[in-house]
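Just so we're clear, the structure is a prediction, and the values are computed from it rather than from any experiment.
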Amino acid sequence: MEKKRVRSARLSRREFLHAAGVIGAGLVISACATPTPSPEAKVETPVPSPSPTPLPTPTDTPAPTPTVLRGEKPGLAPGMIGGPTGFEGAERYQYGPDSPAGRAILALRDLPKDKKPEKLVVMHPAGAVGHWNVPFPENAPTAQQIFEEETGIKLEVIATNENEQFQKIIQDVTTRAGQYDIYSFWGNNRGTLFEAGAFLILDDLVAKYRPEWEEHYVGGQLTVESFNKYAGHYVCVSFDGDYQSWNYRIDLFEDPEEQKNFKAKYGWDLQWPETWEQLDQISEFFTRPEQNLLGCTDLRNPIWSLTNWIQRYASFANPAQMLFDPETGDALINSEAGIKATQEFADTMKYKSKDALSWGWPEQYNNMAAGGAAITCAFPNMPKFLDNPKNPDSKVVGKLRTGLSPGRIIDGKLIRRTVWWPNITLAVSSQTKYPEAAYLFLQWADSSPMFTFMVGNPAGYYDPFQKQNFTDPVVVSSYHEYHVPTMIASIEHSVPPLNLNGASEYETALDNNLQAVLTGKKTAEQAMADAAAEWNAITDRLGREKQIEALKAQVAAHSTVVDTPKIRKA
């Protein structure tokens, strides 16, 4: 019964688009991310397949900087060797020979015949394929056309149902079918898939071709560790920035009468809060059922709400409250931090819809579009869709602003932590016959100019996370200038989600116990004790030493950024 309940809570991005009805006719992206596969889709024990395959070391010497430019095409800016052409501003997305994209393209051209494929087969979630095969802006080539023209290698991008990616990878690995050169999956499933033998280890190729992710990702090496590594190895490349960010109604927050009444009641000026206590006070103040106004609608439904619990939990320590002890592998959620976060999680139900336990993204986005809440927490695309004059169904156009996750004051420092989940991620299949070409494709596509070119395309649901994304006029105009500082700060203050082998099992165990508290079936103390016991059993079954190895490596993915509190009571 529990598995059926969890499964019903999982909604694909395309399903959301049809269900929500909040996106204007001129927009083609759906408005939320898709969670990991349902528990039925996962494997309870590691798949009996070959262990993750490291590549043979191609060379210990970094690739030489190319000095000869070849295959230049009309429309390229001086010194550039590739990228889109044919529209105003195309030069922003072009690249030179000694850049991650340039090195990848030149290396692909130079691969010997036995290492250069005629075609690369790429699994990709259906709702994001448009980034590859839909031209944007007018007169622009598609990303797929650019790659094929510059390398002579065809791309076969296979659109895959978002909730079937995991199953298809496991099937491909187990049967040794080798149908794909590149897999797509939700990022927090990398541990399970890595341990199943699905991915190549990319360390040698990263060293050789220098993707420079740490230079181009917001958050630098912190984000690289969180997105592209597992157990200390490079195993995948992220193509998404699914960080949770908070949205609020500026028309309510800046209303003089609301400001006066709020300060009279709580003793501080109405503004975006720094702490969870302040958020809860604002939520209480704006909870007005008689006016069809809810105080705060961050989700409480199965699975989707886990990110909101993690934000409260992770802020209980400086620099962050860990989910596991990286030295022993023991679950840490059966602690004062876990119990308090869970009790807060339940206490704030009074500021939400009476149907909060069944509310998913369709209801949340619809409600905010109708002006039905003062605050909510969502993926970074909410302003993109709801604060959009082309969306005739939104009543909050021009009325939204965003803020960083609230936190806690610990020893005089403000600890605020947000989290990403689940993130479109790509990896090189362990069965590909062309590992070097497959990796170079990923380096090129995830390079700063090309990813910026794609993330600005409204034909898919990639979200930004690279530095150039946040200075690009197309991306900024879509996501809104006021939202850019929030997105950057959210990345810099982030912690990873449950991102281990068995992620879906850990998620389900925690979620079932949180839901038990929300429905009054368990106390917070009992729920955290039960969840921790389940987690420890999962860890033992999957191999405690291996999990410890992954946990130790993941410490570097936790933000150490702290702030100084500024809000004071009168």
Side-chain angles (χ1 to χ4, degrees), residues 62 95 98-104 187-188 190 202-203 205-245 311 314-315 318-320 322 326 380 404-405 407 413-421 423-427 439 442-452 454-455 462-472 475-476 479 483-497 499 550-564:
Y95 37 84
D98 190 20
S99 68
R103 288 192 292 273
N188 58 320
R190 82 189 63 169
L202 305 174
D203 295 352
L205 292 171
V206 169
K208 181 178 181 180
Y209 291 111
R210 296 173 286 136
E212 299 177 7
W213 294 318
E214 71 284 356
E215 298 294 326
H216 299 294
Y217 287 8
V218 172
Q221 191 62 31
L222 167 83
T223 308
V224 177
E225 297 287 339
S226 190
F227 277 2
N228 296 354
K229 298 183 78 173
Y230 177 76
H233 296 291
Y234 292 100
V235 298
C236 56
V237 182
S238 179
F239 280 74
D240 211 353
D242 278 341
Y243 290 93
Q244 300 297 294
S245 59
Q311 290 179 83
S315 60
N318 183 357
M322 301 283 186
L404 178 63
S405 173
K413 295 296 183 182
L414 177 59
I415 313 301
R416 296 185 284 190
R417 296 290 173 255
T418 189
V419 64
W420 62 264
W421 187 83
N423 262 40
I424 299 169
T425 306
L426 303 182
Y439 167 77
L442 292 180
Q443 176 167 313
W444 170 82
D446 198 61
S447 68
S448 192
M450 280 309 303
F451 183 73
T452 303
M454 288 191 287
V455 81
Y462 290 165
D463 280 320
F465 66 91
Q466 298 187 15
K467 293 176 183 177
Q468 185 178 339
N469 305 163
F470 297 120
T471 61
D472 182 75
V475 178
V476 171
Y479 282 83
H483 191 29
V484 168
T486 298
M487 290 188 285
I488 292 173
S490 295
I491 296 171
E492 293 172 340
H493 287 75
S494 69
V495 296
N499 190 20
L551 288 166
K552 285 181 177 179
Q554 203 173 93
V555 170
H558 289 71
S559 174
T560 59
V561 176
V562 299
D563 303 306
T564 300

Any Glu212 side-chain heavy atom under 4.5 Å of Ser447 side chain
no

Nearest 0.5 Å please: distance from the CG atom of Leu442 over to the CG atom of Leu202.
7.5 Å

Exercise: do Thr418 and Gln244 side chains pair donor with acceptor under 3.5 Å
no

Residue pair Tyr479 / Asp463, side-chain heavy-atom distance below 4.5 Å:
yes

State, to 0.1 Å, how close Gln443 and Tyr209 come at their nearest heavy-atom pair, and which atoms those are.
NE2-O, 3.0 Å

Please enumerate all residues that pass ring-ring contact (aromatic ring centres under 6.0 Å, His included) together with Phe227, with sequence neighbours excluded.
Tyr243, Trp420, Phe465

Evaluation steps, side-chain contact (heavy atoms from CB on, under 4.5 Å), between Val218 and Gln466:
CA-CA 5 Å; Val218 172; Gln466 298 187 15; 5.9 Å; no

Which residues share a side-chain hydrogen bond (donor to acceptor under 3.5 Å, both in side chains) with Asp446, sequence neighbours left out
Trp213, Tyr217

Side chains of Val476 and Val484 in contact at under 4.5 Å (non-hydrogen atoms)
yes

Does any part of the side chain of His216, heavy atoms only, come nearer than 4.5 Å to the side chain of Gln468, both counted from C-beta?
no

What residues form a ring-ring contact (aromatic ring centres under 6.0 Å, His included) with Phe470, not counting sequence neighbours?
none

Answer yes or no: is there a side-chain heavy-atom contact under 4.5 Å between Lys467 and Asn469?
no

Has the side chain of His233 got a donor or acceptor atom that lies under 3.5 Å from a matching backbone atom of Asp203?
no

Keeping the roles fixed (side chain from Thr452, backbone from Ser448), state whether a donor-acceptor pair exists under 3.5 Å.
yes

What pairs with Ser238 under side-chain hydrogen bond (donor to acceptor under 3.5 Å, both in side chains), at least two apart in sequence or on another chain?
Asn423

Run the side-chain contact (heavy atoms from CB on, under 4.5 Å) test on Ser559 and Arg417 for me, step by step, so that the C-alpha distance in whole Å, both residues' side-chain angles and the decisive distance to 0.1 Å come before the verdict.
CA-CA 8 Å; Ser559 174; Arg417 296 290 173 255; 3.8 Å; yes

Looking at Gln554 and Asn499, would you say the former's side chain and the latter's main chain have a donor-acceptor pair under 3.5 Å?
yes

In terms of heavy-atom contacts, Val495 and Ala320 come closest through CG1-CB, 4.0 Å

Report yes if the side chains of Arg103 and Asp98 come closer than 4.5 Å at any heavy-atom pair, otherwise no.
yes

What one should report as the nearest heavy-atom pair of Phe451 and Pro464 is CE2-CA, 4.4 Å

Could I get the full list of side-chain hydrogen bond (donor to acceptor under 3.5 Å, both in side chains) partners for Thr486, not counting sequence neighbours?
Thr402

Relative to each other, are the rings of Tyr462 and Phe239 parallel, tilted or perpendicular (30° and 60° limits)?
tilted

Asp563 bridged to Arg416 by N-O distance under 4.0 Å:
yes

Quick check: do Glu492 and Ile488 have side-chain heavy atoms less than 4.5 Å from each other?
yes

Criterion side-chain contact (heavy atoms from CB on, under 4.5 Å) on Asn188 and Arg190, from CA distance to verdict:
CA-CA 6 Å; Asn188 58 320; Arg190 82 189 63 169; over 6 Å; no

When every non-hydrogen atom of Val562 is compared with those of Asn318, the smallest separation belongs to CG1-OD1, 3.4 Å

How close do Pro380 and Gly241 get, heavy atom to heavy atom, and via which atoms?
CG-O, 3.4 Å

Counterpart residues, side-chain hydrogen bond (donor to acceptor under 3.5 Å, both in side chains), relative to Glu225 (two or more places apart)
Gln221, Lys229

Would you mind reporting whether Pro319 and His558 have side-chain heavy atoms less than 4.5 Å apart?
no

As a quick check of understanding, evaluate side-chain contact (heavy atoms from CB on, under 4.5 Å) for Leu404 and Ser490, giving each step before the final call.
CA-CA 6 Å; Leu404 178 63; Ser490 295; 3.8 Å; yes

